[in-house]
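Report on one structure; see the data block that follows.
Within every chain, numbering begins at 1; the chains are lettered A, B, ... in the order of the sequence lines, protein sequences first and strands thereafter.
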Amino acid sequence: MNSFRNSVIEDARVLTADYLPNEMVARDSERQEIARNLRPMTEDQPPIDMLIYGPPGTGKTSMARYVVEELKSKMFANSAYVNCFSHKSKFEIFYEMLDKKLTVPRDGTSTEKVIQLFREKVRDSPTVIIVDEADQVVDDEVMFELSKLNNTGLIMIANDSNVFGHFDSRVRSRLSGVRKIHFRSYSVDQIVEILKRRREHGLRTDSVSDKQLKAIAKAADGDARVGLNSLRTAAQESEKQGNENITDKIIEQSVEVSKSRTRISSLERLNKHQKTVYEILEENGRMKMGNIYQSYCEQIDDNKSKRTIRRYMNKMEAYEVIDSEGAKKAKRYALAD
DNA sequence: AGTCCACTGGAACTTGAGGAAT
DNA sequence: ATTCCTCAAGTTCCAGTGGACT
């Protein structure tokens with residue numbers, strides 16, 4: 001790829017959060033549990049469906065992909081991945097999981113047809129379906145259809161464990177056998193370990209010290225993605241400056257850059273109404289619902305109903321953009337820290 | 001300890017866009 | 001061209017709950 005000798009970076013791909021490492025740090029029991037639930041597939045039996053949940057940057061998606069790759073190395077199996085943040089509807093979700101795309105974007109193919117095509121695809125080869133950001137799915141039929149499919153295993157990924165709350169009882173009972181697996185935030189030491197392994201494969205080894213990795217890990221606050229982005233940003237910046245080693249100053253800057261970048265990217269996901277709520281909380285600090293909604297209506301012409309705003313806020317809370325404390329009348333909302 | 005009511009979240013209903021059927 | 005159907009997004013309605021206040 002690059003014929004020049006790089007001063008710091010040896011393999012940039014290794015430093016991205018999407019890179020799938022060949023072993024996962026500190027998630028052994030979770031790995032085993034996922035593998036155990038999929039294992040029946042190797043004996044032609046239906047696997048146990050799963051919900052993996054936990055805060056951002058705790059390795060949920062990576063681990064799911066990791067275990068599925070592991071399974072594929074042991075048997076003939078396929079996998080399908082769909083992220084429901086950008087594909088929310090029944091049509092889009094099934095369409096995304098097909099590998100032969102139809103004429104883009106929509107050629108009048110009905111949702112039923114797309115599901116039928118997916119069924120055909122899955123019929124002859126056992127398939128693990130990874131449904132990322134499953135809490136974005138509003139239509140409970142999707143989960144029903146997915147859980148009904150033969151010859152497939154289902155891994156759902158979400159931020160909180162209560163994603164089925166709004167589904168109807170038929171779907172809930174269908175999903176009642178789903179095994180829930182909790183991914184907790186990483187400790188500082190665990191993030192250091194993750195960063196060390198990436199350094200080993202992606203960087204010239206002595207370009208960044210253990211102590212510096214620890215500083216990055218501390219700032220990442222349990223979110224491995226933030227840690228990895230900080231390290232990559234620091235490495236790229238040093239490279240650009242032609243330095244042999246990453247300096248503390250660059251580390252400090254990169255941590256800031258990457259933290260604000262994550263914040264911005266989660267803010268970019270908010271719609272206009274959610275942004276208004278965000279700004280109100282930013283300005284006023286901790287507030288109760290009534291006051292938030294009142295200010296919101298004052299600031300915006302085409303205001304949505306209170307119920308809708310509350311739904312939006314539930315989402316913001318699941319994505320850790322805002323926080324709440326107390327219950328009922330004493331409940332107060334604020335920006336997440 | 002009793003009443004009040006702000007807040008929550010489930011459920012049914014409405015709206016509007018866009019494809020399918022005739 | 002029109003009517004019908006499906007789907008997503010939002011609204012209206014409402015019962016339950018437990019803090020706040022007396």
- Minimal non-hydrogen separation, A:Asn151 against A:Arg123, with atom names: ND2-O, 3.0 Å
- Item | ring-ring contact (aromatic ring centres under 6.0 Å, His included) partners for A:Tyr333, two or more places apart | none
- Message: My understanding is that only residues two or more places apart in sequence, or in another chain, count here; which of them pass ring-ring contact (aromatic ring centres under 6.0 Å, His included) with A:Tyr186?
- Response: none
- Message: Tell me whether A:Lys196 is salt-bridged to A:Glu200, with the criterion being a basic N under 4.0 Å from an acidic carboxylate O.
- Response: no
- Whole Å only: how far is the NZ atom of A:Lys272 from the P atom of C:dG10? 11 Å
- Query: How many Å lie between CZ on A:Arg311 and P on C:dG10, as a whole number?
  - Reply: 10 Å
- Task: Show your working on side-chain contact (heavy atoms from CB on, under 4.5 Å) between A:Val277 and A:Leu281 and close with a plain yes or no.
- Result: CA-CA 6 Å; A:Val277 169; A:Leu281 289 173; 4.2 Å; yes
- Item | Contact list for residues 272-291 of chain A, test ring-ring contact (aromatic ring centres under 6.0 Å, His included), sequence neighbours left out | A:His273-A:Tyr296
- Message: With the threshold set at under 4.0 Å for non-hydrogen atoms, list the residues of residues 288-302 of chain A touching DNA chain B in residue-number order.
- Response: A:Lys288, A:Met289, A:Gly290
- Report yes if a side-chain nitrogen or oxygen of A:Ser305 is closer than 4.0 Å to either non-bridging phosphate oxygen (OP1 or OP2) of C:dT11; otherwise report no. yes
- Query: Which whole-number value in Å describes the distance from A:Lys315 NZ to C:dA9 C1'?
  - Reply: 13 Å
- Task: Calculate the interatomic distance between A:Met287 atom CE and B:dA6 atom P; express it in whole Å.
- Result: 16 Å
- So, is A:Tyr333 near the phosphate of B:dC7, with a side-chain N or O under 4.0 Å from OP1 or OP2? no
- Message: Quick check on C:dA9: is either OP1 or OP2 less than 4.0 Å from any side-chain nitrogen or oxygen of A:Tyr312?
- Response: no
Distances under 3.5 Å between protein N/O atoms and the N/O atoms of nucleotides 17-21 of chain C, please, pair by pair.
unit_1: C:dG19; atom_1: N2; unit_2: A:Lys329; atom_2: NZ; d: 3.2

- Task: Quick one: sort the A:Tyr53 and A:His182 rings into parallel, tilted or perpendicular, breaks at 30° and 60°.
- Result: parallel
- Message: Show the nearest heavy-atom pair for residues A:Val208 and A:Arg199, with the distance to one decimal.
- Response: O-NH1, 2.8 Å
- Query: Tell me: CG of A:Asn303 to C1' of C:dT12, nearest whole Å?
  - Reply: 15 Å
- Message: From NZ of A:Lys306 over to C1' of B:dG9, roughly how many Å is that when rounded to an integer?
- Response: 13 Å
- Whole-Å gap separating C1' (B:dA11) and CZ (A:Arg310): 13 Å
- Message: Holding to side chain to side chain donor-acceptor pair (under 3.5 Å), I want the full list of residues that pass it with A:Asn243, two or more places apart in sequence or in another chain.
- Response: A:Gln241
- Rounded off to whole Å, could you give me the CZ-to-C1' distance for the A:Arg307 and C:dA9 pair? 13 Å
